[in-house]
Number of protein chains: 2
Amino acid sequence: MADACQHHHHDGPPGAAEVERALDAAGTRLTAEGERMTAARSRVLALLLAAGEPVKAYDLIARFGEDGQPAKPPTVYRALEFLERKGLAHRIASISAYVACTSGGRDHAAAFLICDCCGTTREVSSPVAGDLGRAADAAGYAIERTTIEAHGRCPACRIAV
Amino acid sequence: MADACQHHHHDGPPGAAEVERALDAAGTRLTAEGERMTAARSRVLALLLAAGEPVKAYDLIARFGEDGQPAKPPTVYRALEFLERKGLAHRIASISAYVACTSGGRDHAAAFLICDCCGTTREVSSPVAGDLGRAADAAGYAIERTTIEAHGRCPACRIAV
DNA sequence: TTTGTGATGTTATCTCATAACACTCCGCCT
DNA sequence: AGGCGGAGTGTTATGAGATAACATCACAAA
Ligand SMILES: [Zn+2]
Ligand SMILES: [Zn+2]
Ligand SMILES: [Zn+2]
Ligand SMILES: [Zn+2]
């Protein structure tokens, strides 16, 4: 993450064990749904989980090979597209980055609180059913997907300079 | 706009007279604020107003010269950045496009209902004070700007195939 | 007129994302 | 076993979106 300030007070990226566990859970669920958790998909999800914050696609591409070899862009973009479709990852449009889903659900709408200072990002339940949904109803629109992202400062960065 | 279907039931782009009027109003307001409505800014705003729907940056670049000559990218991106800063235009992150503000206000948060079928886009008052604001408060985030975009089908496209 | 600031012109480059096509893997039918 | 057929990958190339850097210009204040 490009830091506007010096703080690095994330919850801390999950440890290897936690990543492993989340990965297993995702694989189990996908298999049950008749989908395949292939090597590329698993690797990209592992990178997202390990990062614990939004990651740029080309950073994933650079880190893809365990040996330091980068991947070809389509390899990663295909995996991202799949993970997003399955609700295991989300694209943050306002910063063109990707993040592992932290709400565990299947395909679902999500909203994000993004700290422009330290990069910390929180996924919160999407308020589609609320204000936006009412506005859409009033206008006669049938909503199919949403992009809801709020930028600002996280609690820690509000205090520090 | 890339049409998934054949419908073209926008409110219709505003006529030349309306564009001229909106342009004048914007110029007057900017002058009063000590800002300059330069040729490039005026031209880009005119193109956005005339389109009446989101336009890609490189379409603006292509249409920039009245004589058909394209502009250089920085010319248009600088104008867009200015217009956005002044609340006269908005960037729609989910489709990487730009649209003239239809709520007349100064710098302000906005939300959009976007029809994936015909491209019609409505700007609605941003629900920052609502659900999202509450989520941010609960998490301790101080919001500075938002990206709120809902994709789906407009009333007309819900009926037609 | 001088001088400083904001705006623009111009070139080059960077980042983000996808098209297209050949090939492989794997389950399934015969 | 043999032969589909569809999903997934590898690879090359290119399209689309955005900005860095620096020279120059316009304009109003001093
Ligand atoms: Zn999620
Ligand atoms: Zn922070
Ligand atoms: Zn607006
Ligand atoms: Zn429509």
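Residue numbering restarts at 1 for every chain, and letters A, B, ... go by the order of the sequence lines. Treat the numbers as computed from the prediction; the structure is a model and nothing was measured.
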If I take atom [atom1] in residue [X] and atom [atom2] in nucleotide [N], what distance separates them, rounded to the nearest angstrom?
X: Glu35(A); N: dG8(D); atom1: CD; atom2: P; answer: 6 Å
X: Met37(A); N: dA7(D); atom1: CE; atom2: P; answer: 19 Å
X: Leu83(A); N: dG8(D); atom1: CG; atom2: C1'; answer: 14 Å
X: Gln69(B); N: dG9(C); atom1: CD; atom2: C1'; answer: 15 Å
X: Arg41(A); N: dG10(D); atom1: CZ; atom2: P; answer: 12 Å
X: Lys86(A); N: dG8(D); atom1: NZ; atom2: C1'; answer: 15 Å

- Query: OP1 or OP2 of dG8(D) sitting under 4.0 Å from any side-chain N/O of Thr38(A)?
  - Reply: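 The answer is no; no side-chain N or O of Thr38(A) sits under 4.0 Å from OP1 or OP2.
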- Query: At under 4.0 Å, does any side-chain N or O of Lys72(B) touch on OP1 or OP2 of dT8(C)?
  - Reply: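 Negative; the distance criterion is not met.
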- Task: Sugar-phosphate atoms are those with a prime plus P, OP1 and OP2; base atoms are the rest. Using that split, label each nucleotide of nucleotides 14-21 of chain D B, S or - for protein heavy atoms under 4.0 Å, 5' to 3'.
- Result: ---BBBBB
Result block: side-chain N/O donor-acceptor pairs under 3.5 angstrom for residues 88-96 of chain A, not counting sequence neighbours:
residue	atom	partner	partner atom	Å
His90(A)	NE2	His108(A)	NE2	3.2
His90(A)	NE2	Glu123(A)	OE2	3.2
Arg91(A)	NE	Tyr98(A)	OH	3.4
Ser94(A)	OG	Glu149(A)	OE1	2.5
Ser94(A)	OG	His151(A)	NE2	2.7

Sequence neighbours excluded, which residues qualify as side chain to side chain contact (heavy atoms under 4.5 Å, CB included) partners of [X]?
X: Arg85(A); answer: Glu81(A), Phe82(A)
X: Pro73(A); answer: Tyr58(A), Ile61(A), Tyr77(A)
X: Ala142(B); answer: Arg158(A)

- Message: Within this structure, what is the CG-CD1 distance for the pair Leu113(A) and Ile143(B), rounded to the nearest 0.5 Å?
- Response: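 Going from the CG atom of Leu113(A) to the CD1 atom of Ile143(B) covers 6.0 Å.
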- Would you please name every residue forming a side-chain hydrogen bond (donor to acceptor under 3.5 Å, both in side chains) with Glu33(A), sequence neighbours left out?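 In terms of side-chain hydrogen bond (donor to acceptor under 3.5 Å, both in side chains), with neighbours along the sequence ignored, Glu33(A) is linked to Arg29(A), Arg106(A).
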Each nucleotide N or O in nucleotides 25-30 of chain D that has a protein N or O under 3.5 Å away: list the pair and distance.
none

What side-chain donor-acceptor pairs closer than 3.5 Å can you find for residues 13-28 of chain B, not counting sequence neighbours?
residue	atom	partner	partner atom	Å
Thr28(B)	OG1	Asp24(B)	O	2.9

- Sidechain-backbone polar pair: Thr121(A) side chain, Gly119(A) backbone, donor-acceptor under 3.5 Å: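 Yes; at least one donor-acceptor contact below 3.5 Å.
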Sequence neighbours excluded and cut-off under 3.5 Å, please list the side-chain donor-acceptor pairs for residues 35-48 of chain B, or say none.
residue	atom	partner	partner atom	Å
Glu35(B)	OE2	Lys86(B)	NZ	3.0
Arg41(B)	NH1	Arg36(B)	O	2.6
Arg43(B)	NE	Phe64(B)	O	2.6
Arg43(B)	NH2	Arg63(B)	O	2.9
Arg43(B)	NH2	Phe64(B)	O	3.3

